[in-house]
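Here's the structure, in structure tokens; my notes come after.
As the structure is a computational prediction, the values presented were derived from the model and not from experiment.
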Amino acid sequence: MDNKIMQKWLNAGNVTLSQVLVENYAKIGMDEQEFVIIIQLHSFLEKGIYFPSMEEIAERTTLSTEKAFRIIQALVNKRFISIKQVNEGEQVFTESYTLDPLLEKLMIFFENMYQEQNVVFQEIEQMSLYSQFEQEFGRPLSPMEAEMLSAWIDQDFNSPELIREALKEAVLSQKLSFRYMDRILLNWNRKNIKTPEQARAASAAFHEQVASNAPDKSNVTRVRKSENSIPLYDWLDKRKG
């Protein structure tokens, strides 16, 4: 290609569009013809032409001038675009198209889409958590247990990952009960333990401390314990008082 032609091509510039708009224009109530007009207005604005005529807009498309005018009106009525007055000084005002309303709509749409996806993800995560609890308990959860599990997430704002760590701690301690896990979570919350990594570190540190404080079997007489006693850390006793 001739270098001069290539230079003109490069000087013409590019039109950059948001992927959110390209992928979702139909979902926000825009049809294909309106989308094409939006692209053309965006192109004009980037070239510094802030209020192109209907003829200039229609010339870039297969639409008639009258049809382009009706589409512009529809875009204004749908609040995808607006026309603002620009003060040029000395009481001289000019008109300009602005795509700000469209950007606001896209922001709201994107936020809602993200929130919906987040809700779906949380529901899937919670179902997975329920299944894990039922697997460990070997039975379906009772209505009261299911309510307590939901409260740990919705009211106490514990993450599913942190709740899983509490479940692991209860299994390790052979005290698989919701009351025991509730005390574990309460203890962690009071210590500002929020992540699974922090919970694992706190549990490991405590079990190591318990092991180091255990009496030497060769130097002391062991006290016979009942079959149901468990020589592991009792979170319930720790939280008393």
Is the shortest side-chain heavy-atom distance between [X] and [Y] below 4.5 Å?
X	Y	value
M148	L141	no
L21	L102	yes
E145	R139	yes
Y97	P52	yes

Looking at [X] and [Y], what are the two nearest heavy atoms and their distance?
X	Y	value
L129	P160	CD1-O, 3.9 Å
A199	I193	N-CG2, 3.5 Å
F69	M54	CA-SD, 3.5 Å
A166	M181	O-CG, 3.7 Å
L99	I81	CD2-CG2, 3.5 Å
S96	V86	CB-CG2, 4.0 Å

Are K105 and F80 in a cation-pi contact, defined as NZ or CZ under 6.0 Å from the six-membered ring centre and within 45° of the axis?
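Yes - K105 lies over the ring of F80, closer than 6.0 Å to its centre and within 45° of its axis.
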Just wondering, are more than 12 heavy atoms of other shown residues or ligands nearer than 6.0 Å to [atom1] in [X]?
X	atom1	value
E197	CD	yes
Q73	CD	yes
F93	CZ	yes
M107	CE	no
E147	CD	no

Same hydrophobic cluster for V22 and I28, using side-chain heavy-atom links shorter than 4.5 Å among ILVMFWY?
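Yes; I28 is reachable from V22 via cluster members.
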Does the gap between the ring centers of F44 and Y50 come in under 6.0 Å?
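Aromatic pair excluded; centres sit 6.0 Å or further apart.
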Between F133 and F178, ring centroids under 6.0 Å:
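So the answer is yes for these two rings.
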Between R200 and E165, does the salt bridge (Lys or Arg N to Asp or Glu O under 4.0 Å) criterion hold? Intermediate values first, please.
CA-CA 7 Å; R200 286 193 290 267; E165 292 301 321; 2.7 Å; yes
What I want to check is whether the side chains of [X] and [Y] have a donor and an acceptor closer together than 3.5 Å.
X	Y	value
E55	T65	no
Y25	S18	no
N158	W188	no
R164	S128	yes
S43	R60	yes

Is a side-chain donor or acceptor of [X] paired with a backbone partner of [Y] at a separation under 3.5 angstrom?
X	Y	value
E111	I108	no
H42	T16	yes
Q155	W152	no
K78	G29	yes
N187	R183	no
D31	E34	yes
T61	A58	yes
Q198	T195	yes

Does the side chain to side chain contact (heavy atoms under 4.5 Å, CB included) test come out yes or no for Y130 and L149, once each step is laid out?
CA-CA 8 Å; Y130 273 69; L149 182 53; 3.6 Å; yes
